[in-house]
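Below: one structure, written as structure tokens.
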Amino acid sequence: MSIRHLPVSTSADDIAAALAEDGAAIVDALAPASTMDRAAAELQPYVEATRIGRDDFAGRSTRRTGGLIARSQTCRGLVMNPLALATAKKVLSHGAAFQVHLTQVITIGPGAEMQPIHRDQWVFDFFKFPKGFEVQLNTIWAMTDFTEQNGATRVIPKSHLFDDGLKFEEKDTEPAEMTKGSALFYTGSIYHGGGANRSVSVRCGINLTYSLAWLRQEENQYLSVPLAVAETLPVELLRLMGYSYGGYALGYVDDVRDPIKVVKPDLTKARTTTLADAESRFREQAKQWRGEDKAP
Ligand SMILES: O=C(O)CCC(=O)C(=O)O
Ligand SMILES: [Fe+2]
């Protein structure tokens with residue numbers, strides 16, 4: 001079966017329902033192509049300076065460039081995308097909170113082989129989480145078009161309910177083909193991997209993932225984003241990065257202080273923008289983008 005494509009007007013509840021069924025779905029045109037071009041321009045010097053991967057999993061023709069919250073204003077917006085956050089909230093609703101797990105541009109160069117098919121949640125020391133108990137909601141945003149030829153992410157729809165520890169080949173998978181600005185949403189339990197790049201150009205995706213806040217983050221946000229930068233960031237983003245409790249008393253600072261008050265000592269009361277407010281503002285914006293996209 002092929003991967004479901006959903007329009008940007010889809011509600012977070014419906015995206016979460018598609019993920020519960022298939023483990024993966026593409027939200028088309030989640031951001032305008034121009035936003036992805038802006039992110040690419042901000043990140044270009046860092047991507048160029050990134051070394052290629054050192055093993056088959058990291059990819060010997062693939063660059064992984066992180067620290068995106070520190071390095072790209074545009075990526076801060078993508079991390080906070082209301083539809084992605086509302087979907088993460090729904091998919092991870094059995095936890096007290098969720099957090100940023102990693103931020104990474106994945107640049108797959110021409111000639112790259114397919115990444116071994118895996119579950120992202122294997123990073124947690126291969127712990128066998130119960131079937132249906134999701135610990136991660138992942139997104140990969142197309143910064144270039146994703147095609148079968150250039151290394152679109154390979155996915156096995158519905159494999160989130162398969163047994164653990166299975167091995168797969170390319171023929172068992174489907175390419176997540178999508179246009180620049182679209183995003184593949186997938187759970188930590190879905191079997192997938194970066195595609196082989198049989199084209200002459202690079203395939204770039206921005207991988208932004210979220211996990212239950214009681215798990216260790218894959219990318220260390222406290223060191224990837226210097227404190228001097230963190231101090232300038234909005235409270236909602238800081239909380240997502242882990243400057244918050246991941247459960248009762250989980251993540252406190254010294255004398256049981258809330259980490260957000262350590263980064264923002266002047267903070268008296270956190271601004272309260274509800275997710276629902278943010279999501280409805282996003283929908284208004286998305287309508288405008290679609291109009292703009294049609295303009296000559
Ligand atoms: O680059 C991709 O399309 C997916 C990469 C991936 O699955 C990973 O690095 O865990
Ligand atoms: Fe992965």
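Each residue takes its place number in the sequence, starting with 1. Both ligands and their constituent atoms are indexed starting at 1 by order of listing. Excluded from the calculations below are hydrogen atoms, water molecules and symmetry mates; all remaining heavy atoms, backbone and side chain alike, are included.
- When non-hydrogen atoms are compared, ligand 1 lies under 4.0 Å from the side chain of D120 (C-beta onward) but not from its backbone.
- Between K131 and D164 no salt bridge is recorded (no basic side-chain N to carboxylate O distance below 4.0 Å).
- Counting heavy atoms from C-beta on, the side chains of V155 and Y186 never come closer than 4.5 Å.
- Of the protein's non-hydrogen atoms, Q115 OE1, 3.1 Å is the one closest to atom 6 (C) of ligand 1.
- The pair E236-R239 fails the salt-bridge criterion, with no side-chain N (NZ, NE, NH1 or NH2) lying under 4.0 Å from an Asp/Glu carboxylate O.
- Below the 2.8 Å limit, the Fe ion (ligand 2) has as protein N, O or S neighbours H118 NE2, D120 OD1, H192 NE2.
- Ion pairing of R64 with E218 is absent here, as no side-chain N (NZ or NE/NH1/NH2) approaches a carboxylate O to less than 4.0 Å.
- Under 4.0 Å is where a charged nitrogen must lie from a carboxylate oxygen, and between D145 and K180 no such pair does.
- Side chains of F146 and E177 form no contact here, defined as non-hydrogen atoms less than 4.5 Å apart.
- Judged by the shortest distance from any of its heavy atoms, R154 lies outside the 4.0 Å radius around the atoms of ligand 1.
- In T153, the parts holding a heavy atom less than 4.0 Å from any atom of ligand 1 are both the side chain and the backbone.
- Residue contact check for ligand 1: Q104 places no non-hydrogen atom closer than 4.0 Å to it.
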I would like to know whether T144 and S201 meet side-chain contact (heavy atoms from CB on, under 4.5 Å); could you show each step before the answer?
CA-CA 10 Å; T144 57; S201 39; over 6 Å; no
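- Distance from atom 7 (O) of ligand 1 to its nearest protein heavy atom, with residue and atom name: H192 NE2, 2.8 Å.
- At a 4.0 Å heavy-atom cut-off, ligand 1 does not touch N207 at all.
- Scanning the protein for heavy atoms near atom 9 (O) of ligand 1, the closest one is R64 NH1, 2.8 Å.
- Looking only at heavy atoms of the protein, atom 1 (O) of ligand 1 is closest to R203 NH2, 2.9 Å.
- Side-chain contact between I108 and N150 is absent, with no heavy atoms from C-beta onward closer than 4.5 Å.
- Using modelled atom types and a 3.5 Å distance limit, the side chains of T74 and S72 yield no donor-acceptor pair.
- The side-chain hydrogen bond (donor to acceptor under 3.5 Å, both in side chains) test applied to T62 returns no partner, not counting sequence neighbours.
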